[in-house]
Amino acid sequence: MAKGKNATIYFCQNCGHESSKWMGQCPGCRQWNTFVEETVVTGASTKSTKNGTAKFNKPSALNEISLEEDDRISTHMKELDRVLGGGLVKGSLTLVGGDPGIGKSTLLLQVCRNMAQDGQEVLYVSGEESLKQIKIRANRIGEFNNQLKLMCETSLDAIEETMRHMKPDVVVIDSIQTMYQEDISSAPGSVSQVREATSLFLQLAKGLNISIFIVGHVTKEGTVAGPRVLEHMVDTVLYFEGDRHASYRILRGVKNRFGSTNEIGVFEMEATGLKEVQNPSEFMLSGKPEEASGSVVVCSMEGTRPMLIEIQALVCHTSFGLPRRQAIGTDFNRVNLLIAVLEKRLGMSLGNYDAYVNIAGGIRIMEPAIDLGIVMAIASSFKNRAIDNRLIAIGEVGLSGEVRGVSQIQVRVAEAKKLGFTTCVIPFVCMDSVKEVTGIKLIGVKSVGDAIDLI
Ligand code: TYD
Ligand code: MG
């Protein structure tokens, strides 16, 4: 590489904004104290010309482009395939983010194992663990064949060389924050290093038609450490999340150039690796108390899949002047709003009561279709009267206390029926759309009051 001049540039660690001088607040994302100093080489020849990949490229018409059948390869994990939009796309760059210890390495090692058994050439590059450590993990997971090759390396040049030489079908980089380019003086994990590494992997993925998974650690704020730039560069962003204390894990698609982003995959961490959960509703409802006040089941759509979840509320006398409100797993402001609706529209005086709302199982749901469930759970706890165990509530609540329609009501009701629920409280306006569903009692409600009367 031609030697250029060293220049000092300040980068926002949150959004990647560049500045020639340090600033307290980033003009890009308005975060405070996010600028860090980094030295970059300017005027150097760019990587693409050095590698000779910038060759003449003939533009093509849409009709000339053929979509071959084998453009997607199955990971032999149904949950992951669905989140990816029907399998792994060849030559794609996928970022897998998540808290440390959540199971990213385990998931990807299992993917490698499946794909190697499928006859793909797989390379797993670890910058965090030794070969022995990986072997110990692999032993828990099961048998591996020789199509999977492991490498402990953090130098980008060495990895690039190996990839060009070996030409694997699938590569896993664990993790992007440990990779470094010698030409860049800043430390691994810094904005410029992460950006450089990602752009190199992007080039390799497209140039050599390799599917690459990049592991990225998540910061306290919940974004992948380093700049947001990383998310813009890759084709697919998946977040692996879950309650550290619960055994299940959720893989959530945040960005996907090849499919829908709302899909989730549900896994369970066991002693022998991650197991797919085929029926998440059943899983989420296990342990639901019988005949307890403040508990109601709702149905939320996660991508194309309906999921039944229990909502719990606890309303009790406040010991201090100011009532406490808490929402775990859902939007706090939304819960406050629903409490205000109950006070104003139904005259329920919750001013002297603390209210806690919890989505059981530690999952996060923001869909408005669970509003009716939240309202019913709060009212049930307030009245200290249990809701029928086999009842499920679906509906969005408006500020006038009206129950509004929700999308895909048929799918939701069908899922409830499948899991043995006998009564479904749904918005009145949706009654027509579910005429065909039989074998489950449907109650159409127009307002929150109608629904509360059922308790
Ligand atoms: P790991 O994949 O190392 O997490 P990450 O790469 O996201 O940091 O997951 C480690 C955790 O998973 C660790 O706490 C042990 C647990 N685990 C199991 O419970 N069962 C298993 O079979 C494996 C391999 C790990
Ligand atoms: Mg790891």
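Order of listing sets the numbers, starting from 1, for every ligand and every atom in it. What you see is a predicted model; the values in this text were computed from it and never measured.
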Report task. Tell me, with the steps shown, if Ser126 and Asp174 meet side-chain hydrogen bond (donor to acceptor under 3.5 Å, both in side chains). Result -> CA-CA 5 Å; Ser126 179; Asp174 189 2; 4.8 Å; no

Query - Test log, rule side-chain contact (heavy atoms from CB on, under 4.5 Å), inputs Glu79 and Val277 - result: CA-CA 8 Å; Glu79 297 292 300; Val277 177; 5.8 Å; no

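Nearest protein heavy-atom contact of atom 3 (O) of ligand 1 is Arg137 NH2, 2.7 Å. Annotation: atom 2 (O) of ligand 1 to nearest protein heavy atom, Thr106 OG1, 2.6 Å. With respect to atom 11 (C) of ligand 1, the closest heavy atom belonging to the protein is Gly101 O, 3.6 Å. Among protein heavy atoms, atom 15 (C) of ligand 1 sits closest to Arg140 NH1, 4.3 Å. In this structure, the protein non-hydrogen atom closest to atom 16 (C) of ligand 1 is Met269 CE, 4.0 Å.
Taking 4.0 Å as the cut-off between side-chain N and carboxylate O, Glu121 and Lys167 do not count as a salt-bridged pair. Between Asp235 and Lys206, at least one side-chain N (NZ, or NE/NH1/NH2) sits under 4.0 Å from a carboxylate O, which counts as a salt bridge. Salt-bridge formation is detected for the pair Asp371/Arg334: a Lys NZ or Arg NE/NH1/NH2 atom is positioned less than 4.0 Å from an Asp or Glu carboxylate oxygen. Checked for salt-bridge contact, Glu263 and Arg305 miss the test: no charged N lies under 4.0 Å from a carboxylate O. Of the charged side-chain nitrogens involved, at least one lies within less than 4.0 Å of a carboxylate oxygen, so that Glu367 and Arg412 count as a salt-bridged pair.
Side-chain atoms of Glu153 and Thr162 form no donor-acceptor pair, as typed in the model, at a separation below 3.5 Å. Side-chain contact check for Thr75 and Asn114: no donor-acceptor pair (N or O, by modelled atom type) lies under 3.5 Å. Using modelled atom types, one finds a donor on one side chain and an acceptor on the other under 3.5 Å when comparing Thr318 with Asp354.
Among the atoms of Ser105, some N or O lies under 3.5 angstrom from an N or O of ligand 1. Polar contact check, Lys104 against ligand 1: a nitrogen or oxygen pair lies under 3.5 Å apart. Looking at ligand 1, you'll find an N or O of Gly103 within less than 3.5 Å of one of its N or O atoms. Not one N or O of Ile141 is nearer than 3.5 Å to an N or O of ligand 1, by distance alone. The shortest N or O to N or O distance between Gly273 and ligand 1 is under 3.5 Å.
Minimum heavy-atom separation, Ser155 to Glu182: OG-OE2, 3.8 Å. Of all heavy-atom pairs spanning His76 and Glu276, the tightest one is O-OE2, 4.2 Å.
Within the 4.0 Å heavy-atom criterion, neither part of Leu107 lies near ligand 1.
Here the protein contributes Ser105 OG as N, O or S atoms under 2.8 Å from the Mg ion (ligand 2).
By the 4.5 Å heavy-atom criterion applied to side chains, Tyr10 and Ser20 are not counted as neighbours. Met307 places a side-chain heavy atom less than 4.5 Å from the side chain of Ile363.
Ligand 1 has no atom lying under 4.0 Å from any heavy atom of Gly98.
Taking every heavy atom of Thr272 and a limit of under 4.0 angstrom, the matching atoms of ligand 1 come to 22 (O). Close approach of ligand 1 to Pro100 is summarised as follows: ligand atoms under 4.0 Å from at least one heavy atom of the residue are 8 (O). Close contacts of ligand 1 with Glu270, meaning ligand atoms under 4.0 Å from a residue heavy atom, involve 18 (C), 19 (O), 20 (N), 21 (C), 22 (O).
Proximity of atom 13 (C) of ligand 1 to the protein is not indicated, since no non-hydrogen protein atom lies closer than 4.0 angstrom.
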